[in-house]
Engineer: 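Take a look at the following structure, please.
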Amino acid sequence: QFNEFILQAATETATKSNTPDKGWFHHSRSTLLPTISHRDQLLHTLRTTKPSSLNTTAIKIDLKLAQIDVTDSISLAKAKWSAHQAKRIHNMRFNPKDAWKAVKVLIGGKESHHLKPVVMRLRQPTGKLATTDAENVNIMAPHLEKVFTAQRPITWAALEDDVKKRDIMEELNREIEWEELLAAVKKLANDKSPGLNHVPPDAFKALSYQNLGTLFSYLNAYWREEVDFTEWHEGQIVPVPKVETLATQTNGAVSH
């Protein structure tokens with residue numbers, strides 16, 4: 001719930017909303033959906049009506065006209081979407097970042113808003129590529145267990161003699177200061193994807209000083225071990241491919 005409250009507070013105090021471009025259909029869905037729904041209702045009626053019924057001919061005529069409306073509405077929606085992108089480019093003088101996003105969208109065409117998922121397909125001992133997440137896990141698990149549970153002999157005497165001990169910095173054990181929190185929030189990168197907590201960096205930047213003060217008190221309470229948040233003990237391991245195929249587990253590094 002802690003992360004949910006962060007998102008709620010950020011949504012309520014944000015001065016602007018940054019939503020990804022979802023394409024021409026989403027841009028005109030308020031006009032497209034009723035037209036498509038009307039066409040689909042006529043099609044359903046035609047399929048459930050007996051062929052011998054006198055209403056069949058009239059329904060077919062209405063269905064043909066409804067399909068023409070759908071086709072025209074789609075063409076108009078695509079044109080409006082393209083005009084919207086062109087307007088964003090026209091305003092490059094005032095918002096260059098947004099204008100260049102529109103340029104990339106138009107270059108990509110009417111399907112540029114679709115994101116191609118990265119499918120991990122590790123190679124099994126049989127030589128075949130994995131087709132499910134369970135198969136990928138069975139391949140990756142022994143590798144991760146070997147990496148994170150490796151036991152290597154340590155010569156403590158060599159460490160004591162050859163490695164110079166660093167000075168203890170007691171100041172690192174102090175509580176977080178208000179200026180440190182403000183500086184950390186300011187340095188957060190814009191337009192980055194959230195992690196396991198589903199809270200993007202922009203959400204923290206959108207918080208008011210009052211909400212940041214609440215967050216500040218919780219952070220220091222956590223530092224003093226007065227409160228605990230289960231989400232803060234979770235991590236995420238992400239295979240980072242070095243080649244596009246991800247054919248072998250040796251071709252990828254592991255990030256967490």
Side-chain angles (χ1 to χ4, degrees), residues 1 3-8 10-12 14 16-91 98-122 128-137 191-200 202-203 206 236 238 244-246:
Q1 290 185 347
N3 295 322
E4 295 177 2
F5 290 143
I6 291 290
L7 282 175
Q8 181 180 351
T11 303
E12 293 175 353
K16 62 179 181 179
S17 177
N18 185 16
T19 56
D21 193 328
K22 298 182 180 180
W24 58 268
F25 185 87
H26 185 270
H27 190 259
S28 302
R29 62 181 302 174
S30 60
T31 56
L32 286 173
L33 288 179
T35 307
I36 296 175
S37 177
H38 176 62
R39 187 273 313 270
D40 292 345
Q41 288 178 358
L42 290 173
L43 182 61
H44 176 72
T45 303
L46 180 63
R47 289 176 176 176
T48 55
T49 303
K50 294 182 180 180
S52 58
S53 175
L54 297 176
N55 294 330
T56 304
T57 303
I59 294 175
K60 287 183 178 180
I61 295 175
D62 292 340
L63 179 60
K64 185 176 181 179
L65 294 175
Q67 181 58 50
I68 293 175
D69 290 340
V70 169
T71 303
D72 293 341
S73 298
I74 290 176
S75 299
L76 181 61
K78 291 181 178 180
K80 289 176 63 177
W81 178 80
S82 298
H84 172 68
Q85 305 304 327
K87 184 177 180 181
R88 293 170 62 190
I89 298 174
H90 182 72
N91 293 331
D98 184 67
W100 280 113
K101 286 182 179 180
V103 170
K104 292 180 180 179
V105 168
L106 285 180
I107 291 175
K110 296 181 176 63
E111 297 181 356
S112 60
H113 58 284
H114 291 291
L115 299 177
K116 185 178 180 180
V118 178
V119 180
M120 183 174 65
R121 300 182 64 191
L122 300 177
K128 295 182 179 180
L129 296 179
T131 57
T132 63
D133 291 339
E135 292 178 350
N136 283 321
V137 169
D191 304 328
K192 295 296 182 180
S193 300
L196 287 177
N197 59 5
H198 306 294
V199 182
D202 299 276
Q236 184 176 21
V238 180
E244 294 183 358
T245 57
L246 274 174

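As the structure is a prediction and not an experimental result, all values here were calculated from the model.
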Engineer: Within this structure, what is the OG-NE2 distance for the pair Ser73 and His38, rounded to the nearest 0.5 Å?
Structural biologist: 11.0 Å
Engineer: Verify side-chain contact (heavy atoms from CB on, under 4.5 Å) between Lys104 and Lys101, making sure each step is shown before the conclusion.
Structural biologist: CA-CA 5 Å; Lys104 292 180 180 179; Lys101 286 182 179 180; 5.9 Å; no
Engineer: Scan Val70, Leu76, Asp72 and name whichever one has a side chain to side chain contact (heavy atoms under 4.5 Å, CB included) with Ile74.
Structural biologist: Val70
Engineer: Mind listing the closest non-hydrogen atom pair of Arg121 and Ala130 along with its distance?
Structural biologist: NE-O, 3.5 Å
Engineer: Would you find a donor on one side and an acceptor on the other, under 3.5 Å apart, between the side chain of Asp62 and the backbone of Leu42?
Structural biologist: no
Engineer: When you look at Phe25 and Leu33, which way does the side-chain contact (heavy atoms from CB on, under 4.5 Å) test go after all the steps?
Structural biologist: CA-CA 9 Å; Phe25 185 87; Leu33 288 179; 3.7 Å; yes
Engineer: Looking at Ile89 and Ala99, what are the two nearest heavy atoms and their distance?
Structural biologist: CG1-O, 3.8 Å
Engineer: Tell me every residue that passes side chain to side chain donor-acceptor pair (under 3.5 Å) with Glu135, counting only those two or more places apart in sequence or in another chain.
Structural biologist: Thr131
Engineer: Sequence neighbours left out, what passes side-chain contact (heavy atoms from CB on, under 4.5 Å) with Leu46? Give chain and number order.
Structural biologist: Thr56, Ile59, Lys60, Leu63
Engineer: Just so I know, are the side chains of Arg88 and Gln85 near enough to count as touching, which here means a heavy-atom distance under 4.5 Å?
Structural biologist: yes
Engineer: Return the NE2 to NZ distance between His27 and Lys80, rounded to the nearest 0.5 Å.
Structural biologist: 7.0 Å
Engineer: Work out which heavy atom in Asp202 is nearest to a heavy atom in Lys192; give both atom names and the distance.
Structural biologist: OD2-N, 4.0 Å
Engineer: Indicate the atoms forming the closest heavy-atom contact of Ser28 with Thr31, along with that distance.
Structural biologist: O-OG1, 2.9 Å
Engineer: Check the pair Leu32, Trp24 against side-chain contact (heavy atoms from CB on, under 4.5 Å), reporting the backbone distance first and the verdict last.
Structural biologist: CA-CA 10 Å; Leu32 286 173; Trp24 58 268; 3.8 Å; yes
Engineer: When rounded to the nearest 0.5 angstrom, what is the spacing between CG in Leu122 and CG in Asn136?
Structural biologist: 4.5 Å
Engineer: With rounding to the nearest 0.5 Å, note down the distance linking OG1 in Thr45 to CG in Asp40.
Structural biologist: 10.5 Å
Engineer: Evaluate the criterion side-chain contact (heavy atoms from CB on, under 4.5 Å) for residue pair Trp100 and Val105; output intermediate values, then yes/no.
Structural biologist: CA-CA 9 Å; Trp100 280 113; Val105 168; over 6 Å; no
